[in-house]
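Side-chain atoms are counted along with the backbone in the values below, which use heavy atoms only and exclude waters and symmetry mates. Sequence positions, counted from 1, serve as the residue numbers for this chain.
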Amino acid sequence: MSLAHTRDGADLGKDPVRRLLFQLALPCILAQLINLLYNLVDRMYIGHIPQEGPTALTGVGVTMPLILCVSAFAALVSMGGAPRASILLGKGERDQAEAVLGNCAAMLVLTAAVLTAVVQAFGQDLLRFFGASEVTLPYAWEYTRIYALGTLFVQLSLGLNAFINAQGFARTGMLTVALGAGCNIVLDPIFIFALDMGVQGAALATVLSQGASCLWILVFLRGKQTTLRLQARNLRLRGKVILPCLALGVSPFIMQFTESILNVCFNTSLLRYGGDLAVGAMTILASVMQFAMLPLQGFTQGAQPIVGFNYGAGHRDRVKEAFRRLLACCLVYGGIIWGVSVFFPQVFTAIFTSDPTLAEYTQWAMRVYLALAFLMGIQVACQQTFIALGNARTSVFLALLRKVILLIPLIYLLPRLLPGDPVLAVFLAEPVADTIAVATTGALFWRQYQRL
């Protein structure tokens, strides 16, 4: 098999970009939507537990920053390593690309061991820091202590699946996620309701499901169908191989890690001004934001092998065309999410809660929080293309800009500027930060685009 060909016979260097984008992006989008089920199905079932559902949902929502931290470390390794592997394949350097895969796999195992120890030792303190109250902490810790035991599965399934997609095997990557999500859908009601395990059952179902995905990935990457094969000789960490991957992975790491910090900032600020009801609303909003972002990431994951391979091969016109089509898709999707969030927010709230008070409060907050959601398409398309091109410096700056430089300070500054309605001010931080970040990102990418 040529290094330019995917498993389905598509040529990354010659086939029409439009067909390639949809051929690779659609399975990635489906995979991202399915991936939502890992967390959303848990919350959907937990939110409908008799009597304690709303409190349990809020408690599990507090665990989101911790879960995002675990995912962020997987992104640090994989989202830097996978684009480098694509560029190396474009240059015809298969052995170097396999060395990247092996070193990233070893790094994921090492990271998982450290994270497991840290969460088990300091988990309850971290949850309090993330906004858990004395009422919600028991539910949060029940979920976290079991979830942490499956950190190795989470790291390997999230991290190595990026290398499957980077080779153009988008359908296999989708099946990887579908396997885990399918197991989760089946196991959740059994453990939560039939075995009366509640929140602990939801965590156990997630761990076992990630384990199934992990096994599937390892079998595939050791098999004959893959272009890049996971081999024992490449598992020894080498600085010249892993360090460039980590440098490129800093941007997606910041994006995901700061997402957990954002959850802390939102939860603690809202707990102060609006109590557990506001924190519960934020739990639902964060889930909706996941729904909004993951399909956008699916588009970029589909475009990344095309951009990376053709950039490595020197086909600049194909790189530009891939970006233009990616941007158009992201803009259309962002507009759809904005329309539903603003005009029909009950579509989302009904999924997570049957409590009328929480639902009404969340619908109001959603119209504010996602008021400029249509701009997300520009931000995601430009920022992820910087990563696909190997531009670590700019991608890191943009990752820091929106969340660290803008959004976190605004969460605390706006309530002081709008003291009459501090809860409204907290939710307003999101659209204000989006406006400034998108304007900056668009300007920087236009310069990059002209130099291609």
Side-chain angles (χ1 to χ4, degrees), residues 1-35 78-79 82-90 161-178 227-228 252 291-337 374-391 395 441-442 445-446 448-449 452:
M1 182 185 295
S2 167
L3 297 186
H5 284 75
T6 70
R7 184 181 179 186
D8 300 321
D11 192 318
L12 296 174
K14 295 181 180 180
D15 283 356
V17 171
R18 179 180 180 182
R19 188 178 74 188
L20 277 174
L21 181 59
F22 282 96
Q23 182 177 342
L24 298 180
L26 288 178
C28 289
I29 293 168
L30 289 174
Q32 293 290 352
L33 290 172
I34 294 168
N35 193 43
S78 64
M79 297 307 290
R84 279 191 58 80
S86 291
I87 293 172
L88 289 168
L89 284 175
N161 202 38
F163 285 90
I164 294 177
N165 290 325
Q167 297 174 67
F169 299 155
R171 187 179 304 172
T172 303
M174 178 191 70
L175 292 175
T176 299
V177 179
T227 302
L228 298 178
F291 176 79
M293 291 300 295
L294 289 182
L296 287 175
Q297 293 173 8
F299 278 119
T300 59
Q301 285 181 10
Q304 184 267 320
I306 306 171
V307 173
F309 184 92
N310 284 284
Y311 184 71
H315 302 156
R316 298 301 194 262
D317 289 342
R318 290 175 63 81
V319 172
K320 289 184 175 182
E321 183 182 355
F323 169 73
R324 291 195 301 267
R325 296 190 180 280
L326 170 64
L327 179 62
C329 292
C330 289
L331 283 172
V332 170
Y333 176 77
I336 293 172
I337 290 296
F374 56 86
L375 295 177
M376 290 189 301
I378 301 173
Q379 179 77 15
V380 172
C382 293
Q383 188 167 338
Q384 294 300 318
T385 303
F386 274 123
I387 297 173
L389 295 174
N391 190 335
S395 60
T441 300
F445 191 83
W446 176 244
Q448 174 83 41
Y449 185 83
L452 286 174

* To do: Quick one: list whatever passes side-chain contact (heavy atoms from CB on, under 4.5 Å) with A162, sequence neighbours left out.
  => S78, M79, A82
* Structure fact -> Here the gap from N310 atom CG to E321 atom CD, rounded to the nearest 0.5 Å, amounts to 10.0 Å
* **Listed partners of Y311 passing ring pair (Phe, Tyr, Trp, His ring centres under 6.0 Å), at least two apart** => none
* **Inter-residue atom distance L228.CG - I164.CD1, 0.5 Å rounding** => 10.5 Å
* Of all heavy-atom pairs between L327 and G377, which one has the smallest distance, and what is that distance? -> CD1-O, 4.2 Å
* To do: Could you walk me through whether H315 and V17 pass the side chain to side chain contact (heavy atoms under 4.5 Å, CB included) test, one step at a time?
  => CA-CA 12 Å; H315 302 156; V17 171; over 6 Å; no
* Asked: For the residue pair L331 and F374, what are the closest heavy atoms and their distance?
  -> CD2-O, 4.2 Å
* To do: To the nearest 0.5 angstrom, please state how far the CD1 atom of I337 sits from the CG atom of L296.
  => 8.0 Å
* Whether Q167 side chain and T227 backbone form a donor-acceptor pair below 3.5 Å -> yes
* Asked: Of all residues at least two apart in sequence or in a different chain, which pass the side chain to side chain donor-acceptor pair (under 3.5 Å) check with R324?
  -> Y449
* Who pairs with F445 by ring pair (Phe, Tyr, Trp, His ring centres under 6.0 Å), at least two apart in sequence or on another chain? -> F323, F386
* Asked: Looking only at heavy atoms, which two atoms of A322 and I306 are closest? And how far apart?
  -> CB-CG2, 4.1 Å
* Which residues satisfy the side chain to side chain donor-acceptor pair (under 3.5 Å) test with T385, sequence neighbours excluded? -> none
* **From CG (L389) to CD (Q304), nearest 0.5 Å** => 10.0 Å
* Just jot down the side chain to side chain donor-acceptor pair (under 3.5 Å) partners of Q379, sequence neighbours excluded, or say none. => Q383, T441
* Spatial distance of atom CD (Q384) from atom CZ (F299) [nearest 0.5 Å] -> 13.5 Å
* Asked: When rounded to the nearest 0.5 angstrom, what distance separates CG in L175 from CZ in F169?
  -> 13.0 Å
